[in-house]
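Remarks on the structure that follows.
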Amino acid sequence: MKPTIPKGMRDFSPVDMTRRNFILNAICQVYRQHGYRQIETPAMENLSVLEGKYGAEGDTLLYRVLNSGKLPEGPAKIHDLSEKGLRYDLTVPFARYVVMHRNEITFPFKRYQVQPVWRADRPQKGRYREFYQCDADVIGSDSLLNEVEMVQMITEVFTALDIRTELRVNNRKVLAGLAEKLDIPDRFMELTIGLDKLEKAGLEKVMDEWRSRGIPSEALAKLEELLANSRPAGEPGGHLTEFLRGSEPGEKGIGEVQSVLDLSGREGNASLKFDLTLARGLNYYTGMIFEVKCTEKDSQFGGSLLGGGRYDDLTGVFGLPGVSGVGISFGVDRIHDVMTGLGKFDNRAPGTVTRVMFVNFGEAEAGQALGMADRMRLAGIATEVYPDAAKVKKQMSYADANAIPFVALLGSEEIKSGNVKVKDMRSGEQEDMTVQALIEKIRKDGET
RNA sequence: GUGAUUGUAGCUCAGUCGGUUAGAGCGUCAGAUUGUGGAUCUGAAGGUCGCGGGUUCGAAUCCCGUCUUUCACCCCA
């Protein structure tokens, strides 16, 4: 039998893991510094929790898990066959968690969560069927300061990771106001989907699509003029504000965007921009929405590295209405791909944590080495003893391949003298010293 | 789901018009060196040519199907 893994899923080798952990550490450290606390939820949720939360498209991308036990005979509906599904994101399971644990939670509740999610999508560049999300949400507070905090955390993370990005923000209320003022409130979906495509497809094609979908020409004319006057701004701008005057959600949305822009510092690697064409497909968002794209010249990856936004009533369907939340979700795998493509790992994320390896010269010597290794570890130094009395050449090669910086040789000569011979694998220099001196040496080396 | 595209050694790739025994580089392992990695030299292992079917005297090569890869649409992290 030839081993294979399912389409869109991947193995993670040691190098990949150190890199992913490097990214995860950077993100989670920022989350913790802002007071977020970690939770986990199960890989599977009941389908009733997942279905209908991600739009019609989302339901088709859900992995449904076949019921165990005997399957019904004859024609069966999907719910006779499956009542559980793999989680599609971390936000909906979180909303479910909040409702189920409402009596133990003190609001506002700030949590972070790092777990894989699954989508039955067609894989392509930067799109996998299994991938990690790294979410932070605060629920039970409608203060805009939470949005500001999201912006700050995003900036801190991309600064720490040393990737230049653009953080685009918009507000669903602005979009709702736009539909209202264009007199097409019932065409909100078509409007936003078109806006979202503008950057990729261009104005002309999008206009054609709107036209063919039956959006009135008066609305399109107004829209065209508005877009021509306000698109590349980075701030809401006078035209848009003027246009939305008189629409309650529109004015409110503009106010929120302005506050977030005003309150967020603009230092760092995520340049903050208002973008009217940012829509976000997930239909539970109701207020501010966020998206991050890489702006490094050498990276041709166009997908988003982060998404997020405010949802006013995600918990409502589970029986807890009126609890508002905001959250963001880092796409760890995409960040990993971008950083690898840019060579950002070349001088970071070491391959091993082992600092020193003892060469094995045979049973008696290895016994001594075992004792010394124990002392090393008690002193907080990650230490290995090579398991076989193989040729020294092979043992050295192992240390080299695993980027272990020091090799300790403890053979009969050294045992006699009470020292170990220590080789620095980077310089090739070696000298005899006591175990205590070795501990000092490695400690000093770790500081530089 | 729609339309393209890819598949030959662990990796990157050659392989002519269909022709007999499918190659290279890198990597791996062993030796040159019985206590010293990276460099060099020598040698070895490693292939159902993605899988199934068809055409043919003969298929890695041509045809069909299928799976997989990558890409676009769609949607998204």
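Lettering of chains follows the sequences in order, A, B, ..., and the numbering in each one begins at 1. What's counted below: heavy atoms across the whole structure, side chains too, no hydrogens, waters or symmetry copies.
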Residues two or more places apart in sequence or in another chain: which of them pass ring-ring contact (aromatic ring centres under 6.0 Å, His included) with [X]?
X        : result
A:Phe358 : none
A:Phe158 : A:Phe330
A:His34  : none

I'd like the [atom1] distance from [M] over to [N], given in whole Å.
N     : M     : atom1 : result
B:C74 : B:G7  : C1'   : 27 Å
B:G46 : B:A9  : P     : 15 Å
B:A30 : B:U21 : C1'   : 26 Å
B:U69 : B:G50 : C1'   : 11 Å
B:G35 : B:G23 : P     : 40 Å
B:U20 : B:C49 : P     : 15 Å
B:G3  : B:A22 : C1'   : 35 Å
B:A24 : B:G15 : P     : 15 Å

Note to self: Of the options B:A77, B:C75, B:C29, whose atoms approach the side-chain atoms of A:Lys197 most closely?
What the structure shows: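 Per side-chain heavy atoms of A:Lys197, the pick is B:C75.
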
Under 4.0 Å, counting only non-hydrogen atoms across every strand here, what does [X] touch: a base, just sugar-phosphate, or nothing?
X        : value
A:Phe361 : base
A:Ile335 : nothing
A:Lys205 : nothing
A:Gly428 : base

Would you call [X]-[Y] a salt bridge at under 4.0 Å N-O?
X        : Y        : value
A:Arg211 : A:Asp208 : yes
A:Arg168 : A:Glu199 : yes
A:Asp333 : A:Arg10  : yes
A:Glu57  : A:Arg119 : no
A:Asp445 : A:Arg355 : yes

| said: Closest-nucleotide mapping onto RNA chain B: is A:Ser397 or A:Lys293 further toward the 5' terminus? I mean the 5' end. | reply: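 Looking at RNA chain B, the more 5' nearest nucleotide goes with A:Ser397.
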
What's the [atom1]-[atom2] distance between [X] and [N], to the nearest Å?
X        : N     : atom1 : atom2 : result
A:Glu130 : B:A77 : CD    : C1'   : 14 Å
A:Gln395 : B:U33 : CD    : C1'   : 16 Å
A:Met396 : B:G35 : CE    : P     : 13 Å
A:Lys394 : B:G38 : NZ    : P     : 12 Å
A:Tyr284 : B:C76 : OH    : C1'   : 11 Å
A:Phe406 : B:U36 : CZ    : C1'   : 16 Å
A:Tyr54  : B:A77 : OH    : P     : 10 Å
A:Arg20  : B:A77 : CZ    : C1'   : 14 Å

Is the phosphate of B:U34, meaning OP1 or OP2, less than 4.0 Å from a side-chain N or O of A:Lys393?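 No, because none of the side-chain N or O atoms of A:Lys393 sits under 4.0 Å from OP1 or OP2 of B:U34.
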
Examine A:Arg426 relative to A:Phe406 and say whether NZ or CZ is less than 6.0 Å from the centre of the six-membered ring and inside a 45° cone about the ring axis.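 Satisfied, under 6.0 Å and within 45°.
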
Run the side-chain donor-acceptor check on residues 360-368 of chain A: report pairs under 3.5 Å with partners two or more places apart or on a different chain.
from, atom 1, to, atom 2, distance (Å)
A:Asn360, OD1, A:Gly362, N, 2.8
A:Asn360, ND2, A:Tyr386, O, 3.0
A:Asn360, ND2, A:Pro387, O, 3.3

Nucleotide by nucleotide, nucleotides 66-71 of chain B touches protein heavy atoms under 4.0 Å in the pattern (B base, S sugar-phosphate only, - none) --SS-S

In 5'-to-3' order, the base (B), backbone-only (S) or no-contact (-) status of each nucleotide in nucleotides 5-13 of chain B, using a 4.0 angstrom heavy-atom cut-off, is ---------

With sequence neighbours excluded, residues passing side chain to side chain donor-acceptor pair (under 3.5 Å) with A:Glu190 =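 So A:Glu190 forms a side chain to side chain donor-acceptor pair (under 3.5 Å) with A:Arg187.
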
Aromatic-base stack, A:Phe131 on B:A77, cutoff 5.5 Å, angle under 30 =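 According to the criterion (under 5.5 Å, under 30°), yes, A:Phe131 stacks.
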
Please list every donor-acceptor pair under 3.5 Å in which a side-chain atom of residues 307-317 of chain A meets a protein atom from a residue at least two apart or in another chain.
from, atom 1, to, atom 2, distance (Å)
A:Arg310, NE, A:Glu147, OE2, 2.5
A:Arg310, NH1, A:Ser141, O, 3.1
A:Arg310, NH1, A:Ser324, OG, 2.6
A:Arg310, NH2, A:Ser141, O, 3.4
A:Arg310, NH2, A:Ser143, O, 3.3
A:Arg310, NH2, A:Glu147, OE1, 3.0
A:Arg310, NH2, A:Glu147, OE2, 3.4
A:Tyr311, OH, A:Asp137, OD2, 2.5
A:Asp312, OD1, A:Ser324, OG, 2.8
A:Asp312, OD2, A:Thr286, OG1, 3.2
A:Asp313, OD1, A:Gly316, N, 3.4
A:Asp313, OD1, A:Gly322, N, 3.3
A:Thr315, OG1, A:Leu320, O, 2.6

Below 3.5 Å, does any donor atom in the side chain of A:Arg119 face an acceptor in the base of B:C76, or the other way round?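 No, no donor-acceptor pair under 3.5 Å.
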
A correct dot-bracket answer for RNA chain B, with pairs being Watson-Crick or G-U at under 3.5 Å, [ ] for crossing pairs and | for inter-strand pairs, is ((((..(..((((.....[...)))).(((((.......))))).....(((((..]....))))))..))))....

- Query: Partners of A:Gln430 by side-chain contact (heavy atoms from CB on, under 4.5 Å), sequence neighbours excluded?
  - Reply: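 A:Gln430 satisfies side-chain contact (heavy atoms from CB on, under 4.5 Å) with A:Lys421, A:Lys423 once adjacent residues are dropped.
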
- prompt: Which of residues 407-424 of chain A sit near RNA chain B, with a heavy atom under 4.0 Å from it?
  reply: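 Residues of residues 407-424 of chain A that come under 4.0 Å of RNA chain B are, in numerical order, A:Leu409, A:Gly411, A:Ser412, A:Glu413, A:Glu414, A:Lys421, A:Lys423.
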
Contacts of type salt bridge (Lys or Arg N to Asp or Glu O under 4.0 Å), residue A:Glu180, not counting sequence neighbours: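 A:Glu180 satisfies salt bridge (Lys or Arg N to Asp or Glu O under 4.0 Å) with no residue once adjacent residues are dropped.
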
Self-check item: Contact summary for A:Leu410 and A:Asn419, nearest pair of heavy atoms
Solution: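 Heavy atoms only, the tightest pair is CD1-O, 3.7 Å.
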
ask   = With under 30° as parallel and over 60° as perpendicular, where do the rings of A:Tyr97 and A:Phe109 fit, or are they tilted in between?
value =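 Ring orientation of A:Tyr97 relative to A:Phe109: parallel.
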
